[in-house]
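Taking it in order: structure first as structure tokens, then the write-up.
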Number of protein chains: 2
Amino acid sequence: MRYFGMPLSRSSIKNAAQARAQLLEAQDRFIASWGRMGSVWGISRTMAEVHALLYITGAPMCTDEIMERLGVSRGNVSMSVRSLLEWGVIEKVRHPGDRKEYFQAEQDVWSMLRAIARERIKREVDPLLDALDEIGELAPEVEGQSQEEIRELHKRLDEIRDGFGLITTLAHKFAGPRGAGLQTAAKLLAKAPVGRKKTHASKRSRKGGAS
Amino acid sequence: MRYFGMPLSRSSIKNAAQARAQLLEAQDRFIASWGRMGSVWGISRTMAEVHALLYITGAPMCTDEIMERLGVSRGNVSMSVRSLLEWGVIEKVRHPGDRKEYFQAEQDVWSMLRAIARERIKREVDPLLDALDEIGELAPEVEGQSQEEIRELHKRLDEIRDGFGLITTLAHKFAGPRGAGLQTAAKLLAKAPVGRKKTHASKRSRKGGAS
DNA sequence: CTCGATTTTCAGATTTTACTGAAAACTACT
DNA sequence: AGTAGTTTTCAGTAAAATCTGAAAATCGAG
């Protein structure tokens, strides 16, 4: 992904070519940002970029279009697309009379966020809880014997398990099929705002006309 | 970290040495699991392992003890410890009459989870929101002109921002200084359980006697 | 079934990230 | 100021993750 760095003056009369360039640059930047997030989350940059591209354009795209736009290899696109399908954040669409497969991103942000949350819990939390159960059995507490250290170990393991267990329960409510309800609950809970340092929460004020 | 793989029969009479070996193995396994999580989160395995070691033992430890137990270099421990201090999940403790620095993990799981959440939002969400604001300005919507694609772009950017904005607000309530209150709210919300496939939620039933 | 178009796979190359170890910096004490 | 114990830094190295490209597999139409 390369940028078109020409200085597009904000105040000049806007012609179609300029608007197009601006659109592409904005898309590229979104793709780059989402890709960077991907690395922070432990998924590959390309996978996140492919998703970003499909989301931000909204269009179904085939492998070659994706390769071209992101400048990555066919194999890389193939693997990224497969993972995204597993995450459930994109889907295949077929054009009749065309053998190519096209891919389109889930367009509803809340469905998308739920899918991401679901997958991250599966990767980040569930394995830990499984491990905690096993570990507890490695050093059994034996009645009568006062093994202070082993009692401490179990206490700590239990506390961690309780913490993540609660998080998982909440997240499943959010991410499960009935998760849409949580969106509402979340909005209610969010009543009294807390706010980030650099007041972003609502810098743009809905003029885009989102649903 | 190496494992002591001797087959410690569950049913045999337990002597002190065996109990010790079991304790160490259980600790090592916890350290390994937490370390693996660390990679999934995009922090270094060693950093997570150091934290796991300090948490699971509960003891203040100095650089040399950590190096020895985890089998990593001095420099690595130094850097990991610094990051953990920045995250706010461990603290320095000094023993009078001893020039070494000792480190001890935050022992309250909820404080720890809040610190982790705070740091992850800072790394994962805030930069994205910053970027979204900038990107919107790259391709301004101009009154009158019907630039359908640019309107679409803004709509999608706004939807993402709203989604993450809400998540951030909720998370700040959870992770902020007043976050302890959320623990209670969370428990309430969690009333009707959802449950994971392999029923872990409460396999061990509080006999460890957590606070 | 055959053929050309398309997708998948994976060994090896590349890039990114993490780690080591020793030198430099720091610190508390004399 | 001198010194010994301790921590930090960072250039170089090692390990891990990611990506490429071409061969193999798959697919759909005829």
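A note on names: the letters A, B, ... follow the listed sequences, proteins ahead of strands, and every chain is numbered from 1.
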Self-check item: Sidechain N-carboxylate O distance under 4.0 Å for Asp158(A), Arg161(A)
Solution: yes
Quiz item: Between dT18(D) atom P and Met47(A) atom CE, what is the distance in whole Å?
Solution: 11 Å
Exercise. Would you mind telling me which of dT20(D), dT6(C), dG21(C) lies closest to the side-chain atoms of Ser73(B)?
Key: dG21(C)
Practice problem: Would you indicate what Ser44(B) reaches in the nucleic acid, counting non-hydrogen atoms under 4.0 angstrom: base, sugar-phosphate, or nothing? | Solution: sugar-phosphate
Quiz prompt | Separation of dG28(D) P from Lys100(A) NZ (nearest whole Å) | solution = 15 Å
Practice problem: Give the rounded distance in Å between these two atoms: CG of Leu70(B) and P of dA18(C). | Solution: 17 Å
Practice problem: Measure from CZ on Phe103(B) to C1' on dT8(D) and round the result to the nearest Å. | Solution: 11 Å
Practice problem: Return the value, rounded to whole Å, for the distance between atom CG of Asn76(B) and atom P of dT8(D). | Solution: 13 Å
Quiz item: Could you give the CE-to-P distance, from Met67(A) to dT6(C), as a whole number of Å?
Solution: 13 Å
Practice problem: Before accepting this row, confirm whether a basic side-chain N of the pair Arg156(A)/Glu159(A) lies closer than 4.0 Å to the acidic partner's carboxylate O. | Solution: no
Quiz item: Which residue, Met79(A) or Asp98(B), contacts DNA chain D at a nucleotide closer to its 5' end, judged by nearest heavy atom?
Solution: Asp98(B)
Listing time: all N or O pairs from protein to nucleotides 22-30 of chain C that are below 3.5 Å?
unit_1	atom_1	unit_2	atom_2	d
dT27(C)	O2	Arg99(B)	NH2	2.9

Quiz item: Below 4.0 angstrom from OP1 or OP2 of dA17(D), is there any side-chain N or O of Arg45(A)?
Solution: no
Quiz item: Nearest-Å distance, CD (Glu65(B)) to P (dT7(D))?
Solution: 11 Å
Exercise. Hey, can you tell me if Trp41(B) and Trp34(B) have their rings parallel, tilted or perpendicular (30° and 60° cut-offs)?
Key: perpendicular
Quiz item: For residues 81-89 of chain B, which residues have at least one heavy atom under 4.0 Å from DNA chain D?
Solution: Arg82(B)
Self-check item: Which residues share a side-chain hydrogen bond (donor to acceptor under 3.5 Å, both in side chains) with Glu65(B), sequence neighbours left out
Solution: none
Practice problem: Could you check whether Thr63(A) gets within reach of a base, just the sugar-phosphate, or nothing at all, counting any heavy atom under 4.0 Å? | Solution: sugar-phosphate
Practice problem: Could you list the residues that satisfy side-chain hydrogen bond (donor to acceptor under 3.5 Å, both in side chains) with Tyr55(B), not counting sequence neighbours? | Solution: none
Quiz item: When you look at Ile160(B) and Leu113(A), which way does the side chain to side chain contact (heavy atoms under 4.5 Å, CB included) test go after all the steps?
Solution: CA-CA 9 Å; Ile160(B) 292 257; Leu113(A) 291 178; over 6 Å; no
Quiz item: Does Thr46(B) put a side-chain nitrogen or oxygen below 4.0 Å from OP1 or OP2 of dC19(C)?
Solution: yes
Side-chain donor-acceptor pairs under 3.5 Å in residues 74-81 of chain B, sequence neighbours left out?
unit_1	atom_1	unit_2	atom_2	d
Arg74(B)	NH2	Asp64(B)	OD2	3.0
Asn76(B)	ND2	Thr46(B)	OG1	3.3
Ser80(B)	OG	Asn76(B)	O	3.0

Quiz item: Would one find a side-chain N or O of Ser78(A) under 4.0 angstrom from OP1 or OP2 of dT8(C)?
Solution: yes
Quiz prompt | Tyr102(B) OH - dT7(D) C1' separation (whole Å) | solution = 14 Å
Quiz item: More 5' along DNA chain C: Gly42(B) or Lys92(A), using each one's nearest nucleotide?
Solution: Lys92(A)
Practice problem: With the side chain counted from C-beta on, respond yes when Glu106(A) and Ile90(A) share a heavy-atom pair under 4.5 Å apart, and no when they do not. | Solution: no
Quiz item: Salt-bridged, Arg45(A) to Glu49(A), with N to O below 4.0 Å?
Solution: yes
Quiz item: Can you list the residues that meet the side-chain hydrogen bond (donor to acceptor under 3.5 Å, both in side chains) rule with Glu91(B), with sequence neighbours excluded?
Solution: none
